[in-house]
Amino acid sequence: MRRVVPLMCLLLAACQQQMASQPSVRPDEASTFFADGRGNRPLVAGTIARGHLRTDTHLFTGRRTQDYAMSDAAVLFASGPSVVNALALAEVANFRTLRGAEFVDTFPFPITSEVLEHGRNRYMIYCVVCHDALGTGHGKIVERGYTPPPSYHTERLRNVAVGHFFEVMTKGYGSMPEYKAQVPPRDRWAIAAYIRVLQLSQHYPENDLPAKLREQWQKERP
């Protein structure tokens with residue numbers, strides 16, 4: 001038994017060393033296997049990853065057409081070598097397309113209770129720090145000096161097309177950064193649906209409330 005235990009320890013150590021030293025290519029590492037010397041392989045020309053073929057304009061843009069996408073590219077192309085001009089013109093183009101775009105006012109898939117719950121979860125992760133739990137724009141980082149966003153309960157945002165919210169989450173606007181890298185398209189739509197729920201929750205007609213809720217509301221309101 002005394003001889004077996006040291007032998008087993010040696011075998012385990014040898015296995016660990018072999019497993020730790022694998023010939024896998026690390027990110028940005030050179031490789032002699034490929035003709036271009038790169039370990040990182042570029043995408044195959046003419047191919048699109050499964051699930052990334054964005055032919056559904058409604059789902060992926062929140063607009064009725066994709067014509068708007070050409071405006072930003074055209075502005076950048078016409079701006080010349082000046083980075084300052086390019087950024088300024090791009091901002092103007094973004095503002096112009098955001099204000100005058102034909103946003104959709106419907107959702108690209110059915111909104112169920114599960115979608116709303118998922119939208120609430122995503123909202124409480126990504127949005128609540130600025131927009132707060134009710135969407136009034138008094139989140140924790142706003143309390144600490146960040147630019148306050150507009151309340152979702154203003155008449156303008158209550159009447160804006162739902163595609164507007166999807167666009168702002170995708171491309172950012174003003175002090176709000178874009179969230180397309182962090183939040184997938186379907187999650188952005190779920191958040192937009194939950195924003196509509198927040199808006200309705202603060203402006204629901206009192207006469208349409210069930211009797212018990214109306215009684216509770218009359219007791220709690222100022």
Side-chain angles (χ1 to χ4, degrees), residues 18-112 114-115 118-119 121-123 125-127 161-195:
Q18 291 177 1
M19 292 177 67
S21 302
Q22 295 188 25
S24 58
V25 178
R26 293 177 173 80
D28 298 325
E29 191 175 54
S31 173
T32 57
F33 183 81
F34 299 103
D36 59 5
R38 295 188 299 169
N40 292 349
R41 305 314 304 150
L43 297 176
V44 178
T47 62
I48 298 176
R50 184 185 296 273
H52 290 266
L53 183 60
R54 304 198 167 196
T55 56
D56 190 336
T57 303
H58 190 164
L59 174 64
F60 291 108
T61 71
R63 299 170 181 265
R64 294 185 177 87
T65 65
Q66 291 186 341
D67 294 341
Y68 80 96
M70 295 303 296
S71 62
D72 287 345
V75 169
L76 288 172
F77 178 78
S79 61
S82 172
V83 176
V84 176
N85 289 341
L87 293 175
L89 290 172
E91 182 64 23
V92 170
N94 183 48
F95 178 81
R96 182 178 64 248
T97 55
L98 183 63
R99 297 288 291 182
E102 293 184 353
F103 293 115
V104 296
D105 203 18
T106 57
F107 291 89
F109 49 84
I111 302 302
T112 63
E114 290 77 12
V115 171
H118 184 66
N121 292 337
R122 300 299 95 183
Y123 179 92
I125 292 172
Y126 295 105
C127 313
V162 72
H164 168 90
F165 296 119
F166 182 87
E167 168 91 353
V168 172
M169 283 183 272
T170 303
K171 300 180 67 176
Y173 186 69
S175 297
M176 177 175 168
E178 62 183 41
Y179 278 85
K180 63 183 178 183
Q182 298 92 331
V183 187
R186 286 184 172 271
D187 286 4
R188 279 174 252 157
W189 282 113
I191 292 173
Y194 182 68
I195 291 173

Does a side-chain heavy-atom distance below 4.5 Å link V104 with R64? yes
With side chain to side chain contact (heavy atoms under 4.5 Å, CB included) as the criterion, how do V168 and R188 come out once you've worked through the C-alpha distance, each side chain's angles and the decisive distance to 0.1 Å?
CA-CA 10 Å; V168 172; R188 279 174 252 157; over 6 Å; no
Strictly distance-based, threshold 3.5 Å: is any side-chain N or O of D105 a donor or acceptor partner for the main-chain N or O of A161? no
Looking only at heavy atoms, the pair that brings D187 and H118 closest together is OD1-NE2, 2.8 Å
Across all chains, not counting sequence neighbours, the ring pair (Phe, Tyr, Trp, His ring centres under 6.0 Å) partners of Y126 are none
Could you list the donor-acceptor pairs under 3.5 angstrom formed by side chains in residues 178-185, with sequence neighbours left out?
none

Validation row: N121, Y194 side chains within 4.5 angstrom (heavy atoms): no
Nearest heavy-atom approach of V162 to F107 is CG2-CZ, 3.4 Å
Rounded to the nearest 0.5 angstrom, the CZ-CH2 distance for F60 and W189 is 11.5 Å
Here the gap from M169 atom CE to I195 atom CD1, rounded to the nearest 0.5 Å, amounts to 5.0 Å
Would you call the rings of F103 and H164 parallel, tilted or perpendicular, taking 30° and 60° as the class edges?
perpendicular
Residue pair L59 / R186, side-chain heavy-atom distance below 4.5 Å: yes
Item checked: Side-chain touch H58/T106, heavy atoms, less than 4.5 angstrom -> yes
